[in-house]
Each structure stands twice: as structure tokens, then as C-alpha cells.
Amino acid sequence: MAHRNKVLTLYRAILKTSKTWESASRIASDTEKESLYIASEARHLFRQNKHLSDEDSIKAAIKEAESRLEIALHYKNPWPRPSHIPQHSMLPLRDRRRKKSDKLLSQSKPAYLKSYDIGEKEQPEKG
């Protein structure tokens with residue numbers, strides 16, 4: 001319960017940012033898309049993490065949310081920024097050392113992308 005106020009304040013700040021968001025291109029459709037993305041991503045991640053009870057995982061989730069908000073405000077871009085994978089960390093799928101490769105990949109992920117996993121996200125339909 002100690003983190004409740006901080007989490008609620010952060011959630012309100014993110015939703016307020018989504019309401020006052022203006023895209024870097026200043027095109028109305030871009031602004032609307034980015035604003036909706038901010039609000040829906042916040043709702044999704046806060047609901048996904050509401051069951052957390054471990055002190056360290058709560059702090060990590062708060063740090064991720066703060067980092068993503070600061071990066072979005074600084075760069076005027078709400079979409080996740082790419083993380084760079086260390087050289088030679090990806091091994092072929094058939095390699096027995098794949099677990100080591102996966103571990104290196106997870107360790108190289110920055111704090112603001114811990115909850116963002118392309119494999120878990122639904123891919124938008126084309127067409």
C-alpha cells in the first residue's frame with residue numbers, strides 16, 4: 001500500500017498527458033492516434049501490473065512508467081524506442097545455447113521496455 005499514492009499520481013499524470021498530447025508533426029490525425037495509444041497503453045500496463053505485490057517488481061514497474069513518460073515528453077514520440085541488441089548475443093534457433101542468448105537479450109532490454117514484448121503484443125492487421 002505504500003506505493004499506492006505514487007502509482008495513482010503517475011497514472012493520472014500519464015492520462016493527463018494523453019489528453020493534452022500534441023504530436024511532433026502537429027497533424028490532427030497523428031495527435032489523435034498518439035493520444036489514444038498513450039491512454040490505452042497506460043490502461044493495459046497498469047491493469048497488467050495491478051497484481052504485483054513484490055517490492056522490487058513494483059519499483060521496476062514504476063521506474064518503467066516514469067521512464068517511458070519522460071522519454072515520450074522529451075522526444076515528442078509516445079511509441080517505444082528501439083533497444084539495441086549487443087553484438088553476437090543472438091544465436092541461431094537450432095543452437096543449444098539459445099537459453100544463454102535469450103538471457104543476454106532480456107538483460108540488454110532497457111528499463112522503459114521491460115513490459116514491451118513484440119511477441120506478446122497483437123500485431124495490427126494489414127489492409
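The structure displayed is predicted, hence computed values, not measured ones.
The environment of K76 atom NZ is dense: over 12 non-hydrogen atoms of other residues, nucleotides or ligands sit within 6.0 angstrom.
When all heavy atoms of R68 and Y37 are compared, the pair lying nearest together is NH2-OH, 3.4 Å. Between I14 and L69 the shortest heavy-atom distance is CG1-CD2, 4.1 Å. Of all heavy-atom pairs between I62 and L10, the closest is O-CD2, 3.9 Å. When every heavy atom of A61 is checked against every heavy atom of L52, the shortest pair comes out as CB-CD1, 4.1 Å.
A donor-acceptor pair under 3.5 Å links the side-chain atoms of S35 to the main chain of S18, judged by distance alone. With T31 contributing its side chain and S23 its backbone, the two residues share a donor-acceptor pair below 3.5 Å.
From E41, atom CD reaches atom CD of E34 across 13.5 Å, with rounding to the nearest 0.5 Å. A distance of 8.5 Å separates CZ in F46 from CG in L8, rounded to the nearest 0.5 Å. Going from atom CG of L45 over to atom CG of N49 covers 6.5 Å, rounded to the nearest 0.5 Å. The NZ atom of K50 lies 14.0 Å from the OG atom of S53; values are rounded to the nearest 0.5 Å. Interatomic distance, E22 CD to I27 CD1, rounded to the nearest 0.5 Å: 11.0 Å.
For K16 and W21, the positive end is not near the middle of the six-membered ring at less than 6.0 Å and at most 45° from its axis.
The closest side-chain donor-acceptor pair between H74 and E70, if any, does not fall under 3.5 angstrom.
Residues K6 and E66 meet the side-chain proximity criterion, which asks for heavy atoms closer than 4.5 Å. H3 places a side-chain heavy atom less than 4.5 Å from the side chain of E55.
Using a 4.0 Å cut-off between charged side-chain N and carboxylate O, K59 and E64 make no salt bridge.
Tracing side-chain contacts under 4.5 Å through hydrophobic residues (I, L, V, M, F, W, Y), one reaches L73 starting from I38; they form part of the same cluster.
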